[in-house]
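Computed from a predicted model, the values in this text were never measured in an experiment. Side chains included, hydrogens not; waters and symmetry mates left out as well; all remaining heavy atoms used. For ligands, and for the atoms within them, numbers begin at 1 and follow the listed sequence.
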Amino acid sequence: MIKLGVNIDHVATIRQARRGREPDPVWAAAVCELAGADIITVHLREDRRHINDRDLRLLRRTVGTKLNLEMADTAEIVGIALEVRPEQVTLVPEKREEVTTEGGLDVRGNLESLSAAAEKFRQAGILVSYFIDPDFDQLAAAREAGADFVELHTGAYANASGEAAVERELEQLYAAAERGGELGLRINAGHGLNYLNAKRVLALFGLEELHIGHSIISRAVFTGLDSAVREMLAIISS
Ligand code: PXP
């Protein structure tokens, strides 16, 4: 069974629009878990634009499924992650000016620093995932840098227009998942997935977890979060 990780950052984005108390991402996590989500994902960004330290620490105490922390490889955030101890960290690139995570992590170009961070996480019993483009060299680098998982970036697939371009992106994802499996990596996928395009990603070889945020929170505005999570779960399990 493929697992669903719900990214609840955008619940905090709405809260931060007024810098108040609601809606509380801690409540959102509880609703997602009650609806059947397997994983709760948050991204503690360096600028704390949505999820903040209070959220992460409370979520650590309340999430009973699996807490997956998306994070940049910086001394501050690595230190917080080691203290809070989520079950899994997903290392992502981070640029202050971006609206969301734009490209995959350059594991090859940051091999030394990522390997050092991964070793600390390994010693703390925290699973390490690298968010990468479906690229063979990045897969090999992820293996070298101590990854348990890679999360394959599905953004190019999600943004592709026209069936030929969609097919091309899917083929790259399928090939990368197989290559990752050969290298002994566990496979997750995410970014830009929604109620229409998630289905075709389910065929990725060995896929364990899908990480989906914006489309679920967007649908929740109209249907409620419980229903939005259940509808995505129905697609994943069909
Ligand atoms: N996976 C990773 C590594 C991400 O950075 C994000 C966005 O925070 C997601 C998945 C979820 O992407 P989306 O919000 O487009 O579903």
Discussion item. Taking 4.0 angstrom as the limit and counting only heavy atoms of Val92, give me the atoms of ligand 1 inside it, by number and element.
Written reply: 3 (C)
Worksheet item: What atoms of ligand 1 come within less than 4.0 Å of a heavy atom belonging to Glu151?
Response: 1 (N), 2 (C), 3 (C), 10 (C)
Worksheet, complete the sentence: Closest heavy-atom approach to atom 2 (C) of ligand 1 among Glu70, Met71, His191 is made by Glu70
Worksheet item: Any N or O on Gly213 sitting closer than 3.5 Å to an N or O of ligand 1?
Response: yes
Practice prompt. Measure the NZ-CD1 distance between Lys3 and Ile39 for me, rounded to the nearest 0.5 Å.
Written response: 7.0 Å
Worksheet item: Charged N to carboxylate O below 4.0 Å: is that the case for Glu182 and Arg143?
Response: no
Discussion item. As an exercise, state the distance from CG of Leu91 to CZ of Phe121, rounded to the nearest 0.5 Å.
Written reply: 6.0 Å
Worksheet item: Considering only heavy atoms of His214, which atoms of ligand 1 have at least one such atom less than 4.0 Å away?
Response: 13 (P), 14 (O), 16 (O)
Discussion item. On a heavy-atom basis, I'd like to know which of Gly190, Gly192, Ala158, Gly104 is closest to atom 15 (O) of ligand 1.
Written reply: Gly192
Fill in: Within-4.5 Å side-chain heavy-atom neighbours: Val63 and Glu33
yes
Worksheet item: Between His10 and His50, what is the ring plane arrangement, given parallel below 30°, perpendicular above 60°, and tilted in between?
Response: perpendicular
Fill in: Polar atom proximity, Thr90 to ligand 1 (N or O, under 3.5 Å)
no
Fill in: Heteroatom proximity flag, Ile212 to ligand 1, N/O under 3.5 Å
no
Worksheet item: Strictly by modelled atom types, are Glu231 and Ser227 linked by a side-chain donor-acceptor pair under 3.5 Å?
Response: yes
Practice prompt. Run the numbers for me: atoms of ligand 1, each under 4.0 Å from some heavy atom of Asn7, listed by number.
Written response: 8 (O)
Worksheet item: Just distances here: any N/O of His43 and N/O of ligand 1 closer than 3.5 Å?
Response: no
Discussion item. Taking 4.0 Å as the limit for heavy-atom contacts, which would you say applies to His153 with ligand 1: side chain only, backbone only, both, or neither?
Written reply: neither
Worksheet item: Going by heavy atoms in the side chains, are Asp55 and Val42 under 4.5 Å from each other?
Response: no
Worksheet item: Applying a 4.0 Å heavy-atom criterion (strictly less than), which segment of His10 is in contact with ligand 1: side chain, backbone, both, or neither?
Response: neither
Worksheet item: Val26 pairs by side-chain contact (heavy atoms from CB on, under 4.5 Å) with which of Val11, Leu59, Ile40?
Response: Leu59
